[in-house]
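Below, read A as the first sequence line, B as the second, and so on, with proteins coming before strands; counting in each chain starts at 1.
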Amino acid sequence: MSTYTEIEKKWQKHWEDNNVFKAQNKSDKPKYYYLVEFPYPSGAGLHVGHVRSYTALDALARKKRMNGYNVLFPMGWDAFGAPAEQYAIKNHIHPKEAVQRNIETFKNQIKSLGLSIDWSREFATTDPEYYKWTQWQFLKFFEHNMAYKARKNINWCPNCKMGLSNEDSSGGVCERCGHPVEQREKEQWMLRMSTYAEDLISGLEDTKFQDRIKTAQINWIGKSTGAEVEFKLKEVNDNLVVYTTRPDTLYGVTFMVISPEHPLIEKYQDKINNMSEIKAYQEKAKNKTEFERTQMNKEKTGVKIEGLTGINPINNDEIPIYASDYVMMNYGTGAIMAVPAHDERDYEFANKFNIKIKAVIKGGDISKCAYTGDGEMINSGILNGLTNKKDSINKMISYLEEKGIGHKKTNYKLQDWVFSRQRFWGEPIPLVYCEDCGWVPVKEEDLPVLLPNVTNYEPTDTGESPLAAITDWVNTTCPKCGKPAKRETDTMPNWAGSSWYWLRYMDPHNDKEFASREALDYWEKLDFYNGGMEHATRHLLYARFWNQFLYNIGLVPNKEPIETRVSHGMILGEGGVKMSKSLGNVVNPDDMIKMYGADSLRCYEMFIGDYEKEVAWNEQGLNGCKRFIDRICRIGEKVIDQKGYSNNLEILINQTIKKVSEDYDAMKFNTVVSALMILLNEYEKQENITKDDYRILLVLFNPIAPHITEELNEKYNLGEAIYKTSWPTYNPNKIVSDEKEIAVQVNGKLRATIKININDSEDKIKEMALSEENVKNHTRDKEITKIIVIKNKIVNVVTK
RNA sequence: GGGCGUAUGUCGGAAUAGGUAGACGAGACGGUCUCAAAAACCGUUAGUAGUAAUACUGUGUGAGUUCAAGUCUCACUACGCCCACCA
């Protein structure tokens, strides 16, 4: 066991006993709110990846306090959802017990790192006192017609036996287990997130997210502009509406495609001559998983709809209609106009089904399909001769609108949020179904709707929540009319609890409101939020959507909940592969703390590399950081009882204060550590060092290694406890030494270095440079055309 | 296919705004201490040639701008991540 363990325990207790990190909801100081995504307390325990981001935010929080801020840095537990439930099922215990046990483990592990967390604000999303307010907020969505129940095809994981949102099933496989996702028709609660698409895009302007995060969100929301165009049907008095981003190519339409699930088929099944063929195709498409549909994107399939023909509204051409699964029902209108000359997918389809191809944009090779790009419009009636894509599109849209056969239309890939889960371990959706009154919200005073105690919490094959089997719980009375009624048995997705939790930390023990208005107004929003890059499009969008809704109904003070968002890089196993149990390369932080001490582990994870990049674990490197800390301890023997900085260290110390302060703020922790190593290397060359020399090293290192720095500060009696101290400032007049070594180049190549005084004149420096032996060697027999002197940096002698 | 990003010794990585490339750490090699080892400490460590001074080459590849390019511009290659039959 490391000798550091005792020291670490001592200071952790000291901080706790003295409430050092407790944030106040009122203060004369400016506020700052740091948050790192709270963990799922899974059975695997803390990962060294957690240590990286927790330490980074802890270092920032500690420095910010020393900079005079009232800092909120809380921690809690995201404990609902599949991981906790699956752990419980596997280990045959109740999820509640599993969660409690895992939280205990996580908390002890996190505490052993010595993070400056305000533990008085801790909660878990599974606490009834917390999920009461999650339910309450859901009812606000319901009240404002933002929640609705719809029978629709949803992504269904047959392995987890659960419905998934689009976000949970990207790539056609279940996010949790990797099993291919099927389509199932189910009644699902939905949140109207798609109505916030535009606000979720524009709101990004009010954040300081990195561009890569903004881009990821914008791409996910998937805004596109184009037009909806009505095609009359020849055989019946009805329209088929298509969505296109290229209305300018309307003259090039040679067929139309509708999704196999398109309602048109059922509606006119009497008119369709090959219904059985179509039915067979529909069946095939339905059984295809989303995964297969995307994997087999090369080979187009489809079937012609015999008996229905579209009429091109621009020129009255008769247009055959096909059903094909390359058209999705959940985007646009589920129907497209196909322009094979200028769209690759349409081209492939036309080729396979021998449909004619008609070019409407000049240039490019039709046999290879010439999509996009500006070009002269041909065979296009009113558009002929136009050469600019934008002009052509605008002209066509005006024409369509004028004639009443189409209009401008914006579409988004973002869908409404599938908010039901058929699982036990989630917040019960607080609604009751009454035969007479329909869906009725549970009264506020009856919240929370608690999860019942049951023995069987495993998912069912029927697609019903396990809660449905608990008749005592299901049967209730209608909150409106008092007649017998039934509870909703679906639960919320695990994303629900994390969609507003930062608000609860502001006022975590409030039993009257989810947070008081005073607390909300004081803390406002997250100033700094750290989390995984994998959450850039899901958790972050859900959280922003939820907050924007709360803002719109006047419950929170800010439209955007997060000012700055940063993401840490993953920590990989030795050799650069992902840490996994099966590879046996998982590093347990507890073991590392035992062997090297928490400060060494923290220091190593900050030193390991660029914070945002993934990096491979290397225990030798950790040992190197322990050596560094050992040396810091040993240098204490050189301390003499003297104030002020040593004369010959003064410049380096001031430079280091400047660099370290700036690098902390820029999250360049690796160079913070290296700058401190350079400082220590210099101390070691000294006969002895002053108390202030020693203390400044400890103060600058304190955010990363808080225990040992406090201990040494106390042991050598250097001053007040570091956590009570202000962050040091540097003397700007003492960061440049008078003497400097600069380079001398001849034609850009280094030939010598000279020692100059910073007050030396340019002429003197030129003279010194030219008198260097090696410079003479390279300028001999040559004409010097120019001598460039960059102050305090370089001299470049240019010859012909 | 689309979007975003990355490329520097044996390895992780440094290099404010174009100005001495390889800081700092790891590893390796040599040494001190020790009966020995570990730990600790000292030295060397981009490549090639040379005893050395020094010279040449060198930041994925090829061009360009500049007195000067890891850094700026253009083209290319490789890898990574995210999205993807989204009309």
Check your understanding: Reckon Ile678(A) touches a base, only the sugar-phosphate, or nothing at all at heavy-atom distances under 4.0 Å?
Key -> sugar-phosphate
Exercise for review: Give one of base, sugar-phosphate or nothing for Asn681(A), where a contact means two heavy atoms less than 4.0 Å apart.
Suggested key: sugar-phosphate
Review point. Looking at the side chain of Met328(A), which of C41(B), C24(B), C85(B) is the nearest nucleotide?
Key: C85(B)
**Study point:** Between U6(B) (C1') and Glu614(A) (CD): distance, integer Å
**Key:** 11 Å
Review point. With a 4.0 Å cut-off on heavy atoms, is Asn774(A) in touch with a base, just the backbone sugar-phosphate, or nothing at all?
Key: sugar-phosphate
Review point. Reckon Ile790(A) touches a base, only the sugar-phosphate, or nothing at all at heavy-atom distances under 4.0 Å?
Key: base
Review point. Base, sugar-phosphate, or nothing: which does Asn618(A) touch, judged by heavy atoms less than 4.0 Å apart?
Key: sugar-phosphate
Study note, to complete from the structure: By the Watson-Crick or G-U definition, both distances under 3.5 Å, U32(B) is matched with A40(B)
Check your understanding: For A49(B), which nucleotide in any strand shown is its Watson-Crick or wobble partner with both distances under 3.5 Å?
Key -> U54(B)
Review point. Which is true for Gly624(A) with a 4.0 Å heavy-atom rule: it touches a base, it touches only sugar-phosphate, or it touches nothing?
Key: sugar-phosphate
Exercise for review: State the OH-OG1 distance between Tyr326(A) and Thr301(A), to the nearest 0.5 angstrom.
Suggested key: 10.5 Å
Exercise for review: Answer with base, sugar-phosphate or nothing: what part of the nucleic acid does Lys749(A) contact at a heavy-atom distance below 4.0 Å?
Suggested key: sugar-phosphate
